[in-house]
There are 2 protein chains.
Amino acid sequence: MDGNIRFMDNISKTEIPIGVVASATSTRVLEALTQLREDIISGILKPGEKLRVQHLKSKYGVGAATLREALSLLVSESLVTATAQRGFNVAPISLQDLKDISETRTMLEVQAAVESVKHGDEEWEVQLIGAYHRLTKVEEGTEDLANSSTAIWEQRNIEFHEALVAACPSRWIRQFRSILHTHSERYRRLSLQTVGVSRNVHIEHQEIFDAAMARDTKTLVKVLTNHIDKTFDVVYQMVKEDPSLNPIT
Amino acid sequence: MDGNIRFMDNISKTEIPIGVVASATSTRVLEALTQLREDIISGILKPGEKLRVQHLKSKYGVGAATLREALSLLVSESLVTATAQRGFNVAPISLQDLKDISETRTMLEVQAAVESVKHGDEEWEVQLIGAYHRLTKVEEGTEDLANSSTAIWEQRNIEFHEALVAACPSRWIRQFRSILHTHSERYRRLSLQTVGVSRNVHIEHQEIFDAAMARDTKTLVKVLTNHIDKTFDVVYQMVKEDPSLNPIT
DNA sequence: GGTATAAAAAATATCGACATTTTCTATTTT
DNA sequence: AAAATAGAAAATGTCGATATTTTTTATACC
């Protein structure tokens with residue numbers, strides 16, 4: 001997924017973009033950025049790991065300046081940290097951070113969803129129905145998703161949550177929510193191999209969808225909070241029990 | 001989420017930095033970054049303006065790659081936007097954006113302050129008292145602050161608000177709050193020459209300080225919300241009435 | 001043995017030069 | 001005259017080379 005790089009083609013209103021925006025022709029920076037993001041989220045580049053420019057430039061096939069620029073842009077998403085004279089590191093992980101992310105994400109995503117439901121028009125409904133339908137297809141397809149399906153599920157899960165909050169008028173809430181969702185996904189991918197092993201995620205998504213379409217704000221708050229909590233619980237247990245994933249003692 | 005608090009007792013309190021971190025020796029990137037940020041917030045570099053690397057590199061006395069890296073890091077703070085093959089721009093402004101910033105900032109800052117009051121220890125109190133004292137000195141010094149004092153007031157105002165929320169355990173809320181505070185300051189500086197012309201800001205700060213020290217959450221929420229609203233009102237009127245500041249129709 | 005010190009190695013940070021793409025401008029075409 | 005087009009100018013994006021700083025390793029010292 002493109003994370004916080006927004007392809008603006010389907011945004012109708014005169015919204016001002018925040019952050020990096022892609023355009024027709026790509027650049028080496030964008031390519032490196034996309035690959036680096038995926039490698040960080042997937043855990044190929046490990047949490048806290050030092051990102052040596054000299055070493056990585058050959059790996060990603062770009063010059064030093066280009067790689068540094070890509071890494072600098074990833075600081076925007078808090079996936080990379082930069083320290084003067086000491087280079088770049090992959091953002092570290094911790095149980096504390098996971099909890100913080102989940103709680104803050106709940107606050108922002110619930111707010112965004114409520115506002116979205118309040119302001120959403122017919123077009124928003126159509127987009128949400130579409131996103132929900134695509135997500136349903138892949139979630140009902142298999143008991144535990146195969147490796148290939150996982151990537152598709154991840155993409156559609158992101159798109160569903162994006163569609164849910166798309167009508168929230170606050171660009172800032174949407175942006176912050178998106179960043180936290182990415183980090184949430186990172187923790188999930190670092191700790192879990194498959195989706196929905198010990199819970200039926202689709203039921204949760206269905207509840208969210210139904211409440212949103214019914215404009216039932218109260219229920220929406222409840223089921224959405226529950227959804228994020230459940231994700232947290234599962235990941236938290238895994239991270240806690242796997243010392244290799246948990247650099248913090 | 002509160003239901004999971006019990007698992008958190010053994011979570012380490014070690015804080016992980018988000019974003020760019022300075023170290024003992026500075027770098028050309030950091031110098032350019034600092035100057036660029038100041039120039040954007042102060043309006044020397046105008047909202048929406050194209051940031052030509054070729055032109056600016058001589059102005060800031062650095063190479064192209066270094067300048068690009070500084071600009072890329074400013075994307076983290078949403079002060080600069082980057083578009084592939086089309087370079088960098090100063091983040092645009094709009095009335096809509098100002099409203100969004102103020103509302104989102106209220107949500108985050110109130111939350112952060114309440115949590116900070118809840119968790120703040122003696123050291124937090126000491127730091128807050130110090131920050132408040134330094135702010136008071138400059139706010140009571142003059143009726144309308146002279147140009148030289150304005151810069152000091154801005155610095156101390158930031159430090160006071162930072163100190164207020166310093167004990168909030170959520171790094172993410174603090175980070176997002178800080179970004180929005182910077183943007184809020186930018187709008188204020190773009191529209192107002194001096195502080196406290198039509199209102200006594202210090203009384204508001206005093207109310208905030210008193211409520212925080214008394215751990216009176218309810219009052220704190222009220223006066224802090226009021227404070228951000230008031231700032232918004234003043235700036236909104238100025239921006240609205242000054243077409244040169246308002247590129248959005 | 002552990003600590004301080006100095007040389008060596010590695011990595012970061014930085015610049016200038018060049019290729020590619022976009023933007024501007026003048027000319028031609030309908 | 002407006003639109004399309006082609007050439008010129010400007011700006012972006014990119015890389016390799018190099019100075020500076022940090023980190024590691026080896027050596028000497030108490």
Side-chain angles (χ1 to χ4, degrees), chain A residues 2 5-9 17 19-37 39-40 45-46 48-76 79-92, chain B residues 17 19-37 39-40 45-46 48-76 79-92:
Chain A
D2 56 12
I5 298 192
R6 304 255 169 277
F7 293 83
M8 306 302 289
D9 25 39
V20 196
V21 180
S23 75
T25 43
S26 189
T27 63
R28 312 281 268 149
V29 171
L30 261 302
E31 288 168 26
L33 174 71
T34 305
Q35 184 124 33
L36 278 164
R37 186 195 289 115
D39 290 350
I40 290 170
L45 296 169
K46 301 216 161 45
E49 181 179 337
K50 194 151 183 29
L51 294 165
R52 290 182 186 80
V53 174
Q54 294 262 352
H55 183 237
L56 291 177
K57 58 183 255 191
S58 56
K59 210 157 200 168
Y60 291 87
V62 294
T66 303
L67 187 66
R68 290 181 66 87
E69 192 174 324
L71 290 170
S72 296
L73 286 170
L74 279 171
V75 173
S76 312
L79 288 173
V80 166
T81 62
T83 311
Q85 303 290 15
R86 222 146 288 172
F88 301 91
N89 284 81
V90 178
Chain B
V20 197
V21 180
S23 76
T25 44
S26 188
T27 63
R28 313 280 270 153
V29 170
L30 260 303
E31 288 168 26
L33 173 72
T34 306
Q35 184 122 36
L36 278 164
R37 186 194 288 117
D39 289 351
I40 290 170
L45 296 170
K46 301 218 161 44
E49 179 178 340
K50 194 152 182 28
L51 294 165
R52 289 182 186 79
V53 175
Q54 293 271 351
H55 183 237
L56 291 177
K57 58 184 254 191
S58 56
K59 210 157 202 168
Y60 291 87
V62 294
T66 302
L67 186 67
R68 289 181 68 86
E69 191 174 323
L71 290 170
S72 296
L73 286 170
L74 279 171
V75 173
S76 311
L79 288 172
V80 166
T81 62
T83 311
Q85 303 290 14
R86 223 145 288 172
F88 301 91
N89 284 81
V90 178

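To find a chain, count down the sequence lines: A is the first, B the second, and so on, and within it residues start at 1.
Counting atom types as modelled, B/Q54 pairs a side-chain N or O with a base atom of D/dT12 as donor and acceptor under 3.5 Å.
A/H55 contributes atom NE2, which lies 11.5 Å from atom CG of A/L67 (distance to the nearest 0.5 angstrom). From A/E69, atom CD reaches atom CG of A/L30 across 9.5 Å, with rounding to the nearest 0.5 Å.
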Q.
For a side-chain contact (heavy atoms from CB on, under 4.5 Å) check, start with the C-alpha distance between B/D39 and B/Y60, then their side-chain angles and the critical distance, and finish with the verdict.
A. CA-CA 11 Å; B/D39 289 351; B/Y60 291 87; 2.6 Å; yes
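A close approach under 4.0 Å does occur between a side-chain nitrogen or oxygen of B/R86 and OP1 or OP2 of C/dT23. Phosphate proximity of D/dC15 to A/T66: present, with a side-chain N or O under 4.0 Å from OP1 or OP2. Side-chain N/O atoms of A/R28 include none lying less than 4.0 angstrom from OP1 or OP2 on D/dG13. Listed pair B/K57 / C/dG16 fails the phosphate criterion, with no side-chain N or O lying under 4.0 Å from OP1 or OP2.
One can place CD of A/E31 at 15 Å from C1' of D/dT12, the figure rounded to the nearest angstrom. Between the CD atom of B/Q85 and the P atom of D/dT12 there is a distance of 11 Å, rounded to whole Å. Atom OH of B/Y60 is separated from atom P of C/dC15 by 15 Å (rounded to the nearest Å). Whole-Å rounding puts the B/R52 CZ to C/dC24 P distance at 8 Å. With rounding to whole Å, A/L56 atom CG is found 13 Å from C/dT12 atom C1'. With rounding to whole Å, B/E69 atom CD is found 7 Å from C/dT14 atom P. Rounded to an integer number of Å, the gap from A/K50 NZ to D/dT23 C1' is 10 Å. Here the C1' atom of nucleotide D/dT21 and the CG atom of B/L30 are 14 Å apart, to the nearest Å.
Annotation for B/K50: atom NZ counts as buried by contact number, over 12 foreign heavy atoms lying within 6.0 Å.
Here D/dT14 is the nucleotide among D/dA11, C/dA13, D/dT14 with the atom lying nearest to any side-chain atom of B/A64. Side chain of B/R68, nearest nucleotide from C/dT22, C/dT12, D/dG13: D/dG13.
Within the nucleic acid shown, B/L71 has no heavy atom closer than 4.0 Å to any nucleic acid atom.
Across all their heavy atoms, B/S72 and A/S76 have their closest contact at O-OG, 4.1 Å.
Of the two residues near DNA chain D, B/A65 and B/H55, the one whose nearest nucleotide lies more 5' is B/H55.
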